[in-house]
Engineer: 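A single structure is presented below for examination.
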Amino acid sequence: MIANYKNWVSIFFASVILSMSASLSAQESVCAVVKFEIEQELTLERQGFEGRMTISNDSPFDLENTKVELAFYNEEGDPVVATTDASDTEGALFFFRDLDQALDGTVGIASGDSKSFVFTIIPAPDAGGENAAGIYYSVGALVSYNSDQAEESINVLPDDILVLPMPRLRLDYFFPSEVIADDPFTPEVEEAEPFDYVLRVSNEGYASANNLKLASNQPQIADNPNGLLIDFSIVGSSVDEVSSEETMLADFGDLGAGETSIARWLLMSSLAGRITEVNTEIQHADELGGTLTSLIESFNTYRLVGSVDDDTPGYVSDEVRDALAIGSDGVSSLPSSLFSLDLGSVVEVPTLKIFKSNSAEPITVENFSNATSLETSSSSSWVLKLSSIPSAVDVPVFARLDDPANGNMEITSIVRSDGKLLSKNNVWFSRKNIGPNDWEYYINLYDTGVDGALSLPVEYNLTLSPKSSENVPPIFEDLGTVFAASESPIDIVVEAVDFDGPLEALELSAPGLLPSGMNFADNGNSAATFSWTPSGSLLGKTIPIVVEAFDGLSRTLETINIAIIEESQILESWKSTFWPGVSDGAIIGNLADPDGDQLTNLLEYALGLDPTDITSDGLPVLIVAEYAVDEYRLALEMIVRENDPLLNVYGIASTNTTLDEDSWDIIPAGNHVDSPNQEAVPVGFKRMLIFDTQEISNTGPRRYMKVRVERSEAN
């Protein structure tokens, strides 16, 4: 008979193996892939039972082939499924294991002896139900044996067990894209910056997860075929913003039903790279029921965008930062670029979600990265404008746009136009490496609505201060060589920026040395304009002009070279600046692509890009824009060349990407308009919008747009 059942405390184990590969890149070409892994062990207290059955042989015969078969019943007396197979997840409510390996009918009991059978019973997560009172089950047994060559069996009366509700855990892991540290492709040693590795644990079950701990090994290099010297270290750790020792142990304590907790580690790498892949694997202890008894409800990995403070109306705010991430499970399947503004490589912007520290269900975030502008009224005062189709947004919003200070400023305060003071965690700077000593800098914003709705458009006033106490000299916008056609008027706008103080003066370094007929005017807003009509006698010459910016402490000189050419020679002159003396058509041909970025020389010429640099930005951006009053259409926004009369840039559109481009609809000239915003546009260029021919519709087919560039010449 069953001598004793008791509740007992077991420890449930889960092993999580995380493998991340960091691609170290020079000029965007992967030179090495380094994989490291973090092995983790998750433990918590859970309910289990121990059974003991003693069979005494008081007969004069030996008992052979003694076998014990357990039977499980619910409160109504109906049989329920139990199994000894840890991988059997189809309908079983209990896992049990024979501790003596003797229940299978191979044990004999001599006359006058006795034998005890000890076994464990672990309920599956659904066995305890949802009510705190739990559910009663009964466990009986059929004992069979051979005695004096006769087969006999005995039914053992069942005993009751009370199975209580159980926790169910959702594990969400978050990893960033960029790891900033020493660049192996530069001679100097760059300083490493910590990066976040975040785990959010949500208890979606009906009971507390008691004594919940996650123990991890120090990150280890798993695969480094190029033999790079790389190391990872822990520089900080916390659980719900409470700092702990700099170890990989996260002690969550007791996590109640419906509660969520966030562990955050700060890791540092000795080499820079980009996390391009995250492989995850979860393993369970088979001796405790494996997958059948697992209390892990789901296991997900996400790309971390930022750690923010969410104050969505209707949700309880706390002091724990929330995880803003791309909302698709599985980091390894994500695109390399987060938003379509990143080099134009992604047309469809991924879905963003906010994973809160005190709410299990993530919330969708509206991404306005392509509907945001930034005005810098001074070096310490910016206005960020968020605009879209006029409506009330009842979900959190996010925007990412270029940082004009290139990472040299810090945010002092952020005030929304209705007076709301934003948390400093909700506006932050970030950067992305695009080559040796070459970075793209961004400013990021996260916000929630007023009483559940944010009325657009809305403005944010940012007060900033220099990141360093040292003076930052003013810098000029790089104009390169400016091509001017003889006998044609030109206006050359030169702009300077000083990020840590007002610019005192913008002037000629050698006054009175301007070419005949050229006028210089300081516009008073850190910009100056040169107006000129070059004479035919200057054809073929390059005129240098030197301008100076002064901030009271430092002076910066900039030389502007103006090349006087015939209109028909603008393209050839442009090529000669990148490939002087080269005549190979595979390099300088209009349809050649020497830098391998899938953009022809003619296209890069028309858009003002660098045909020798694969990382050039400035590609057309697909946006939603107002075409007429209350009418919105897709539009391509781009900066295009206007100083070449032989060049033709226009748009084409279609509802089917499989059609040959010649079958796409040509967008009429009336849909090509100059943008009202012509700030920071190079000389000889303009910012243009190409509107689709159809209004946006939720019921119509998808629309696709492309830019086509032609030049009326034989080659």
Engineer: Contact between Asp402 and Ile443 at the side-chain level, heavy atoms closer than 4.5 Å - yes or no?
Structural biologist: no

Engineer: Please check if the side chain of Lys575 supplies one atom and the backbone of Ile588 the other of a donor-acceptor pair under 3.5 Å.
Structural biologist: yes

Engineer: Grab the two heavy atoms, one from Ser269 and one from Val179, that are nearest each other, plus how far apart they are.
Structural biologist: CB-CG1, 3.6 Å

Engineer: Evaluate the side chain to side chain contact (heavy atoms under 4.5 Å, CB included) criterion for residues Leu634 and Tyr704: first the C-alpha distance (whole Å), next the side-chain angles of each, then the deciding distance (0.1 Å), finally the verdict.
Structural biologist: CA-CA 9 Å; Leu634 289 178; Tyr704 303 89; over 6 Å; no

Engineer: Who are the side chain to side chain contact (heavy atoms under 4.5 Å, CB included) partners of Thr577, not counting sequence neighbours?
Structural biologist: Phe483

Engineer: Report yes if the side chains of Phe530 and Ile545 come closer than 4.5 Å at any heavy-atom pair, otherwise no.
Structural biologist: yes

Engineer: Validate the cation-pi geometry between Arg555 and Phe550: distance from NZ or CZ to the six-membered ring centre under 6.0 Å, angle to the ring axis within 45°.
Structural biologist: yes

Engineer: What's the shortest heavy-atom distance between Pro534 and Ala484, and which atoms?
Structural biologist: CG-CB, 4.2 Å

Engineer: Less than 4.5 Å apart, any side-chain heavy atom of Asn601 and any of Asn590?
Structural biologist: no

Engineer: Can you tell me how far apart CZ (Phe476) and CD (Glu548) are? Round to the nearest 0.5 Å.
Structural biologist: 8.0 Å

Engineer: To the nearest 0.5 angstrom, please state how far the CG atom of Asn406 sits from the CD1 atom of Ile475.
Structural biologist: 6.0 Å

Engineer: Let me see the working for Asp593 and Asp595 under side chain to side chain contact (heavy atoms under 4.5 Å, CB included), right down to the final yes or no.
Structural biologist: CA-CA 6 Å; Asp593 179 20; Asp595 59 358; 2.8 Å; yes

Engineer: Could you go step by step and tell me if Thr658 and Asn656 meet the side-chain hydrogen bond (donor to acceptor under 3.5 Å, both in side chains) rule?
Structural biologist: CA-CA 6 Å; Thr658 62; Asn656 188 345; 2.5 Å; yes

Engineer: Please examine the side chains of Trp574 and Glu572, heavy atoms only from C-beta on, and report whether any two atoms are closer than 4.5 Å.
Structural biologist: no

Engineer: Would you sort out whether Ile667 and Met705 count as a side chain to side chain contact (heavy atoms under 4.5 Å, CB included), showing the intermediate values?
Structural biologist: CA-CA 9 Å; Ile667 297 177; Met705 299 182 68; 3.5 Å; yes

Engineer: So does Asp491 get a backbone contact from the side chain of Ser531, meaning a donor-acceptor N/O pair under 3.5 Å?
Structural biologist: no

Engineer: I need the single residue from Asp644, Thr600, Leu599 that forms a side-chain contact (heavy atoms from CB on, under 4.5 Å) with Tyr605. Which is it?
Structural biologist: Asp644

Engineer: Flag the pair Tyr302 / Phe174 as yes when their ring centroid distance falls below 6.0 Å, and as no otherwise.
Structural biologist: yes

Engineer: Any chance you could measure Ile180, atom CD1, to Lys432, atom NZ, to the nearest 0.5 Å?
Structural biologist: 12.5 Å

Engineer: Are the charged groups of Arg633 and Asp692 less than 4.0 angstrom apart, N to O?
Structural biologist: no

Engineer: Within the 4.5 Å heavy-atom criterion, are Leu267 and Pro194 side-chain neighbours or not?
Structural biologist: no

Engineer: Under the criterion side-chain contact (heavy atoms from CB on, under 4.5 Å), which of Asn648, Leu607, Leu602, Val640 is the partner of Val709?
Structural biologist: Leu602

Engineer: Checking the side chain of Asn408 only, and the main-chain atoms of Ala405 only, is there a donor and an acceptor separated by less than 3.5 Å?
Structural biologist: yes

Engineer: Tell me whether Arg431 is salt-bridged to Asp403, with the criterion being a basic N under 4.0 Å from an acidic carboxylate O.
Structural biologist: no

Engineer: Quick check for you: to the nearest 0.5 Å, what is the distance between Met638 atom CE and Ser675 atom OG?
Structural biologist: 11.0 Å

Engineer: Any side-chain heavy atom of Ile570 sitting closer than 4.5 Å to one from Arg641?
Structural biologist: yes

Engineer: Kindly give the heavy-atom pair with the smallest separation between Ala586 and Ala592, and that separation in Å.
Structural biologist: O-CB, 3.3 Å

Engineer: With rounding to the nearest 0.5 angstrom, report the CG to CG distance, Leu384 to Leu462.
Structural biologist: 6.5 Å

Engineer: Hey, does Lys385 have a side-chain heavy atom less than 4.5 Å from the side chain of Leu374?
Structural biologist: no

Engineer: Does any N or O in the side chain of Ser663 come within less than 3.5 Å of the main-chain N or O of Leu659, such that one atom is a donor and the other an acceptor?
Structural biologist: no

Engineer: Backbone N or O of Pro620 within a donor-acceptor pair of the Glu637 side chain at under 3.5 Å?
Structural biologist: no

Engineer: What pair of heavy atoms forms the shortest contact from Gly407 to Tyr441, and how long is it?
Structural biologist: N-CD2, 3.5 Å

Engineer: Centre of Trp664's six-membered ring, under 6.0 Å away, within 45 degrees of the axis: is that where NZ or CZ of Lys706 sits?
Structural biologist: yes

Engineer: Can a donor-acceptor pair be found between the side chains of Thr542 and Asn561 at a distance below 3.5 Å?
Structural biologist: no

Engineer: Quick check against the 3.5 Å criterion: does His672 have a side-chain atom that pairs as donor or acceptor with the backbone of Phe691?
Structural biologist: no

Engineer: Could you tell me whether Tyr442 and Phe429 have their ring centroids closer than 6.0 angstrom?
Structural biologist: no

Engineer: Rounded to the nearest 0.5 Å, what separates atom CZ in Phe195 from atom CG in Leu266?
Structural biologist: 9.5 Å

Engineer: With a 4.5 Å heavy-atom cut-off, do Phe398 and Asn426 have their side chains touching?
Structural biologist: no

Engineer: Could you please spell out the steps behind the side chain to side chain contact (heavy atoms under 4.5 Å, CB included) verdict for Glu710 and Leu647?
Structural biologist: CA-CA 6 Å; Glu710 298 174 348; Leu647 191 68; over 6 Å; no

Engineer: Quick check against the 3.5 Å criterion: does Arg303 have a side-chain atom that pairs as donor or acceptor with the backbone of Ile326?
Structural biologist: no

